[in-house]
Amino acid sequence: MRALHDTGYRIPHDVAVVGFDDIDEATYSIPSLTSVSPDKAQIAETAVALLLDRVNGSDEADHDTVTDFSLVVRESTAGPRR
């Protein structure tokens, strides 16, 4: 966002910005950062289950896993102002 600002772009007027992981700092940036918030508990549970499968002799090498997420809309995408 700093690079966009430094080159004269206005967020969200000229460009919308979205982050991933919804870290706490996203709420404190100016403008606050819209972010994809993954279900970290579900990711951890899935990782442990896959690890246990591997430890217990599962022979499956490839796994495509989809977990839940939410979009936390903030000011960087012209979301609600507080």
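The model shown is predicted, which means the values in this text are computed figures rather than measured ones.
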Enquirer: In the hydrophobic clustering (ILVMFWY, side-chain contacts below 4.5 Å, transitive), which residues join L50, or is it alone?
Expert: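 Reading the cluster by chain and number, L50 sits alone, since nothing else belongs.
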Enquirer: Indicate yes or no for a side-chain donor-acceptor contact from T7 to the backbone of A3 under 3.5 Å, with no hydrogens or angles considered.
Expert: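 Yes.
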Enquirer: I would like to know whether T34 and L71 meet side-chain contact (heavy atoms from CB on, under 4.5 Å); could you show each step before the answer?
Expert: CA-CA 7 Å; T34 293; L71 180 64; 3.8 Å; yes
Enquirer: Output the distance between atom CE (M1) and atom OG (S29), rounded to the nearest 0.5 Å.
Expert: 3.5 Å
Enquirer: Could you tell me the separation between the OG atom of S35 and the CD1 atom of I23, rounded to the nearest 0.5 Å?
Expert: 7.5 Å
Enquirer: Is there a chain of hydrophobic side chains (I, L, V, M, F, W, Y, each step under 4.5 Å between heavy atoms) that links F20 to V73?
Expert: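 Yes, because F20 and V73 connect within a single hydrophobic cluster, where side-chain heavy atoms sit under 4.5 Å apart.
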Enquirer: Measure the spacing between CZ of R2 and CD1 of I11 and express it to the nearest 0.5 Å.
Expert: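 Between atom CZ of R2 and atom CD1 of I11 there are 11.0 Å.
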Enquirer: Are more than 12 heavy atoms from other residues, nucleotides or ligands located less than 6.0 Å from atom CD1 of I30?
Expert: no
Enquirer: What closest approach, in Å, do A26 and R74 show between heavy atoms, and which atom pair accounts for it?
Expert: CB-NH1, 3.6 Å
Enquirer: Charged N to carboxylate O under 4.0 angstrom, D22 versus K40?
Expert: no
Enquirer: Between V18 and V36, does a side-chain contact (heavy atoms from CB on, under 4.5 Å) hold up when you go through it step by step?
Expert: CA-CA 7 Å; V18 178; V36 175; 4.3 Å; yes
Enquirer: Less than 4.5 Å apart, any side-chain heavy atom of P38 and any of D21?
Expert: yes
Enquirer: Give a yes or no on whether the backbone of T67 and the side-chain of Q42 come within a donor-acceptor separation of less than 3.5 Å.
Expert: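 Answer holds: no.
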Enquirer: Determine whether S76 and P12 make a side-chain contact, defined as any pair of heavy atoms from C-beta on separated by less than 4.5 Å.
Expert: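 Of all side-chain heavy-atom pairs linking P12 with S76, none is under 4.5 Å.
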